[in-house]
Protein chains: 2
Amino acid sequence: MREFVVVGHEAPTTAEFSLDDLPGAGRLDVLCRCVTAAFRLSHDFRADVRVRLVLEEEYVVRFEGSELRHLRPDERSAGSLIRGALEARDGAVGAMEATASPGVHIGAGDLGTAVEAAAETGPVVELHADGAPIVDLEPPENVAFVLSDHRDFTDPEADLLERVADERRSLGPAPMHADDAVTVAHNYLDTGGFERY
Amino acid sequence: MREFVVVGHEAPTTAEFSLDDLPGAGRLDVLCRCVTAAFRLSHDFRADVRVRLVLEEEYVVRFEGSELRHLRPDERSAGSLIRGALEARDGAVGAMEATASPGVHIGAGDLGTAVEAAAETGPVVELHADGAPIVDLEPPENVAFVLSDHRDFTDPEADLLERVADERRSLGPAPMHADDAVTVAHNYLDTGGFERY
């Protein structure tokens, strides 16, 4: 299992946004591309992946690859699933998530709860341009990568990650978009640390 | 300079398509994501990149990073530039391209002419799932990567590439989308072959 926790700092928390303007919806285009990058393969699908999108410290949308249906590789497709999750958000009560569609769940939460849940199954690696090169790290099993959208982590988020993350790593010298980081992180794991394939 | 030649096998050759349904326009979403993946960095832009999109063996749209404006990171933005190029296509006469917007040019052409032009500035590397691991290859200067959209190269295209490409390489064991391949290829070059950064 591989997991990606992506923090959306301006992402919508209601379904009142247009699929025709995902950038205008708090740069939801970035989060959409993170979701598709996490699951898509050429003519295939990564079932052993989980994604948690943290929306504005209010909601966490959880995508389970083993259950997921109806995700195509384009941005709008992921946007539609996120909108569906936000339409179902009032069904989430306390710690109980609501299920919006197969493999798409929503619950109250923030980065802290998302990382806590991710840490139950494996090590947590923060991806950050300022981290040490990931190439020196033996690819961990069942890793959860934590990354931020087009904005950097806030100070409280950075403090939290400094406490709870096992590693803080960079994927390369060029500062990359979050969704490109998801793609490169998959490649790093697929190739056993860019080597053994 | 880095160059990407991407072949679109069902891509539109007229501007008669909707930005609201890029997948329905011959999977133009794939080509759009290839363009944005080639140029975007986090809060920055790769000016030393050229992309040639081969549309249905009829037209080649050339994106020049050093001239390009108005490209945002979302799919629609690239789709809009491609539509603009197709609107300007009748201005291309013989070997002369038409310029649709800053850094976006269109001309008659196919994979053969695109690769021939790319080969003038550096080595040509075909990216293919069946190629030898790229990790064994010292990153070449001024390389042009050639890749296909959601379809494999046709037999004539494969024959052409076997003749003219200097290398045929795979980026990893997982069969990836063309746009993810662009992202990983950049990372391979950025990190000096996944090592020296």
Side-chain angles (χ1 to χ4, degrees), chain A residues 18-25 27-30 32-33 36-38 40-44 46 72-77 79 129 132-136 147-152 170-197, chain B residues 18-25 27-30 32-33 36-38 40-44 46 72-77 79 129 132-136 147-152 170-197:
Chain A
S18 165
L19 295 179
D20 295 342
D21 184 16
L22 293 170
R27 293 305 306 278
L28 196 60
D29 62 311
V30 178
C32 290
R33 290 195 303 272
T36 54
R40 75 179 167 215
L41 286 172
S42 185
H43 307 291
D44 205 353
R46 294 183 190 266
R72 297 185 310 274
D74 60 306
E75 285 170 21
R76 280 177 77 96
S77 176
I134 202 163
V135 75
D136 303 329
L147 59 169
S148 187
D149 62 354
H150 62 297
R151 303 213 162 208
D152 202 353
S170 151
L171 294 166
M176 64 181 79
H177 270 245
D179 47 313
D180 290 333
V182 171
T183 298
V184 172
H186 266 317
N187 186 249
Y188 154 78
L189 295 175
D190 291 341
T191 58
F194 301 129
E195 284 179 8
R196 292 172 293 284
Y197 73 99
Chain B
S18 165
L19 296 179
D20 295 342
D21 183 17
L22 293 170
R27 292 306 308 277
L28 196 59
D29 62 312
V30 179
C32 290
R33 290 196 303 272
T36 54
R40 75 178 168 216
L41 285 173
S42 185
H43 307 291
D44 206 352
R46 293 184 192 264
R72 297 185 311 274
D74 61 303
E75 284 171 22
R76 279 177 79 96
S77 177
I134 202 164
V135 74
D136 303 330
L147 58 170
S148 186
D149 63 352
H150 61 296
R151 302 211 165 212
D152 202 354
S170 151
L171 294 166
M176 63 181 82
H177 270 245
D179 48 313
D180 290 332
V182 171
T183 299
V184 172
H186 265 317
N187 186 249
Y188 154 77
L189 295 176
D190 291 340
T191 57
F194 301 129
E195 280 179 7
R196 292 173 293 283
Y197 73 100

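Lettering follows sequence order; numbering is per chain, from 1.
Contacts of A/Asp74 classified as salt bridge (Lys or Arg N to Asp or Glu O under 4.0 Å), with partners at least two apart in sequence or in another chain: A/Arg72.
Counting heavy-atom pairs under 4.5 Å between each of A/Asp44, A/Leu41, A/Asp21, A/Asp29 and chain B puts A/Leu41 at the top. The residue among A/His186, A/Arg46, A/Met176 with the most heavy atom pairs within less than 4.5 Å of chain B is A/Met176.
Counting heavy atoms from C-beta on, the side chains of A/Thr36 and B/His177 never come closer than 4.5 Å.
Contact detail for A/Pro173 and B/Thr191: the closest heavy-atom pair is CD-CG2, 3.7 Å. Nearest heavy atom pair, residue A/Glu75 against residue B/Pro73, reads OE2-O, 4.2 Å. Of all the heavy atoms in B/Phe194 and A/Asn187, the pair that sits closest is CZ-OD1, 3.8 Å. Looking at every heavy atom in both residues, B/Ala174 comes nearest to A/Asp190 through CB-OD2, 3.3 Å.
Side chain of A/Arg76 to main chain of B/Asp20: a donor-acceptor pair is present (N/O by atom type, distance under 3.5 Å, no hydrogens or angles). Although no hydrogens or angles enter the test, the distance criterion places no donor-acceptor pair under 3.5 Å between the side chain of B/His43 and the main chain of A/Arg151.
With a 4.5 angstrom heavy-atom cutoff, A/Leu22 does not touch chain B via any of its atoms. Looking at B/Pro23, the atoms closer than 4.5 Å to chain A (heavy atoms on both sides) all sit in the side chain, from C-beta outward.
Applying the side-chain contact (heavy atoms from CB on, under 4.5 Å) test between A/Thr183 and each of B/Asp179, B/Thr183, B/Val182 identifies B/Thr183 as the sole match.
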